[in-house]
Protein chains: 2
Amino acid sequence: MAGAFRPGDKLPSEARLTETHKVSRTVVREAIAALRADGLVEPRRGAGVFVLEPVATAAPPFQDIDHDRLSSIVELLELRAAVESEAAALAAVRRSPAQDEDILDRHNAVQAAMAADAPTAKADFALHLAIAKATNNPRFAEFMELIGETAIPRAALKASAQDRASPAYLDQINAEHAAIVSAISNGDAEAARSAMREHLLGSQRRYRTLLQAS
Amino acid sequence: MAGAFRPGDKLPSEARLTETHKVSRTVVREAIAALRADGLVEPRRGAGVFVLEPVATAAPPFQDIDHDRLSSIVELLELRAAVESEAAALAAVRRSPAQDEDILDRHNAVQAAMAADAPTAKADFALHLAIAKATNNPRFAEFMELIGETAIPRAALKASAQDRASPAYLDQINAEHAAIVSAISNGDAEAARSAMREHLLGSQRRYRTLLQAS
DNA sequence: CCACCAAATCCGTCTGACAGATTGACCCCG
DNA sequence: CGGGGTCAATCTGTCAGACGGATTTGGTGG
């Protein structure tokens, strides 16, 4: 039955479906009840069961990231650079002592994951989310949660696994994070903005380098 | 049945529901088929029908804007300032001639709406969307479409309807738009960034003034 | 106390029947 | 010839009874 009907079409009658599928009318009716519950059909007594216009299901935004297409990552990084540099600046101005502490904790967690040679995506995202929350504007946290931790991809760097694990690379990331966190903690909005921007532009450069190498 | 069951609970048996509601078992079963189709219950043969954990339905993002709460508008304007100033800078670098023309057309449309004393929200949004598209990074357009034209509220300025319609106000908005569009057309990324930022910070200031006056 | 078995309970399916609503065909009248 | 009315066929909605398979519960024996 999949794809064979258009809105406005009439399904085969229950009697015919019973014959076609060698099941009792009960089974057919319950299947139609299920379709009806999903808004896919409308039974009309005396007339038949009619196919309805499918209700548009909103695709979750920002989730069609093609990790095998490096430009897809770069595109999102550009958007993130815009949002997160502003978030860092606002966090520097607005963070509470507790939020400041949370950011530091998250930063330490990323460092710990690096030192343990463990995956860092989760800890990395948690740091970025903590910064967004420290803006005390829920829209920034909402944005971060929208893009989710899939936007902190390591898998896309498969081609350079050696580079990724190198101490130089990890030190670079860590230094960038430390500059952001320090500027926020010092309440220096412009330094925080600039540090976050450099961090994410750096990520863009690393990806663009991959693009050029492939 | 609404609200009376928690996940893991067992619904009354079909036989009991038949008695309770004075309907045949067929009716009960079809109702259960509907609930099952919606993922709300799980029938287990020999055991009963059990309530499932409701599947979280994702709320559309950025749609809970409370137009009567001015701070809600300001929050979104802060996020927009981040995204759209970056978009303006990228548009200045990346726009095609056709996109440049589109931006100009949209700018002219806003001006025409102002001159005709007509609502400008739709034209205003179209201008901002055209700029996002001229980044040639689909993420920026996606973001603009997410927030939609409800983010260009005039209704929230009800308390200052006279100010809104004043030639000085319209001239100010128009000048801000013109500065953005001109910088983009001239390919001056930093000027475009700065102009867009000033435009949206200006909107924030106008709203903050309202906050203070109320 | 634990294991096993039987009875009770419960869902899944089938069958036949009747009621109410709709549709299409045919006939009659203007 | 066209329009309206009537009737039969078709179709969904509901009811009732029956049987099969799966699960749960209770009782008994070791």
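In what follows, chains carry the letters A, B, and so on, assigned in the order in which the sequence lines appear, proteins first and then strands, with residues in each chain numbered from 1. Keep in mind that the numbers below use all heavy atoms, side chains included, and drop hydrogens, waters and symmetry copies.
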Rounded distance (Å) that lies between atom C1' of dG13(D) and atom CD of Glu30(B): 8 Å

Heavy-atom neighbours of Glu101(A) CD exceed 12 at 6.0 Å: no

Neighbour count above 12 (heavy atom, 6.0 Å) for Arg36(A) CZ: no

For atom CD of Glu19(B) and atom C1' of dC15(D), their distance in whole Å: 15 Å

Val23(A) or Ala47(B), whichever maps to the more 5' nucleotide of DNA chain C: Ala47(B)

Euclidean distance, atom NZ of residue Lys10(A) to atom P of dT10(D) [Å, nearest integer]: 11 Å

Length of the line joining Glu14(B):CD and dA16(D):P, which is rounded to integer Å: 15 Å

Atom of Ala89(B), atom of Ala192(B) and distance for their closest heavy-atom approach: N-CB, 4.3 Å

N-O pairing of Glu86(A) and Arg197(B) below 4.0 Å: yes

Ser24(B) vs dC15(D): side-chain N/O to OP1/OP2 distance below 4.0 Å: yes

First-last contacting nucleotides on DNA chain C - partner chain A, under 4.0 angstrom, heavy atom: dT13(C) to dT22(C)

Residues forming a salt bridge (Lys or Arg N to Asp or Glu O under 4.0 Å) with Glu176(B), sequence neighbours excluded: Arg206(B)

Check: Arg94(A) main-chain N/O paired with Asn136(A) side-chain donor or acceptor under 3.5 Å: yes

Of Thr18(A) and Pro43(B), the one whose closest DNA chain C nucleotide lies more 5': Pro43(B)

Minimum-distance nucleotide to Arg45(B) side chain [options: dT12(D), dA16(D), dA22(D)]: dA22(D)

Short N-O contact, Glu78(A) and Arg139(B), less than 4.0 angstrom: no

Interatomic distance where CZ belongs to Arg16(A) and C1' belongs to dA9(D) [whole Å]: 14 Å

Touch class at under 4.0 angstrom, heavy-atom based, for Ser13(B) against every strand present: sugar-phosphate

dG13(D) phosphate, OP1 or OP2, under 4.0 Å from Arg29(A) side-chain N/O: yes

